[in-house]
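Inspection log for the structure reproduced underneath, given as structure tokens.
Numbers here simply count residues along the sequence, with the first being 1. Counting starts at 1 for both ligands and their atoms, in listed order.
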Amino acid sequence: MALWDNINSLETLQRLCERCRDCSLAMTRQTVVFGEGNPSAKIFLLGEAPGAQEDACGRPFAGRAGEVLDLLLAGAGLTRQDVFITGSVKCRPPKNRNPYRGELAACRPWLEKQLALIKPEIVVCLGLVAVQNILDPKAKLAEVRGRWFEGPGYWIYPTYHPAAVLRSTVKAELPAADLKSVAGALSKMQPGLRPYPRPASSG
Ligand code: URA
């Protein structure tokens, strides 16, 4: 669509996204959680969906999972200013249920346009919803986590959602090691060259 092609800044995209009514989540949301961070980030963190706190304040990972995420980033020598963080859907699903397939599909153009504008080197999928959204709808997290996959113009690297650490379903050491691998791989990548050299720990 010509109008879509004419969007050439994240600010414009965000303004349009905040008016989105393309799925029924628009009826129950308080705010659209567009995402935030470095508009030229090399690392793009893709989560699941906003929860209650994110819905209230309009920022991604604003709650306890966000505190875990900040610690994981810090362990890899990164801050939120180094990365861009967003969700697979931008509006909170009622009662924090997983987003439905149709909601993910309705939200997908916003994500695609964010990726097109930011042009990250690596998309880190935080949890199964993100993995199934952009890698493979049938993927199992245990099988893909910590491995590198070639996406359209960027690498895809699945790891656990920080909320899994809070639930104690995974030890923090695993996503911590994954984010360190991501930071290490990024430092070896050659910007502007595609396809990139495969990161050393490629699966
Ligand atoms: N996706 C998540 O998983 N959490 C957020 O806070 C926002 C997007």
Side chain to side chain, R59 and E36, heavy atoms closer than 4.5 Å =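 The answer is yes; the side chains approach within 4.5 Å.
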request  = Could you tell me which non-hydrogen atom of L104 sits nearest to which non-hydrogen atom of S88, and how far apart they are?
outcome  =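 So the two residues come closest at CD2-CB, 3.6 Å.
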query = Any chance the side chains of K90 and Q114 put a donor and an acceptor closer than 3.5 Å?
reply = yes
note = Residue pairs meeting ring-ring contact (aromatic ring centres under 6.0 Å, His included), one or both in residues 42-78, sequence neighbours left out, come to F44-F84, F61-H161
Between ligand 1 and the protein, give all atom pairs where both partners are nitrogen or oxygen and the distance is under 3.5 Å, as lines of names plus distance to 0.1 Å.
from	atom 1	to	atom 2	distance (Å)
ligand 1	1 (N)	E48	N	3.0
ligand 1	1 (N)	A49	N	3.2
ligand 1	3 (O)	E48	N	2.8
ligand 1	3 (O)	H161	NE2	2.7
ligand 1	4 (N)	A49	O	3.4
ligand 1	6 (O)	E54	OE2	3.3
ligand 1	6 (O)	F61	N	2.6

query = With sequence neighbours excluded, what pairs up with E67 under the side-chain hydrogen bond (donor to acceptor under 3.5 Å, both in side chains) test?
reply =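 Expected list: none.
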Identify all side-chain donor-acceptor contacts of residues 14-23 below 3.5 Å with residues at least two apart in sequence or on another chain.
from	atom 1	to	atom 2	distance (Å)
Q14	NE2	E18	OE2	3.0

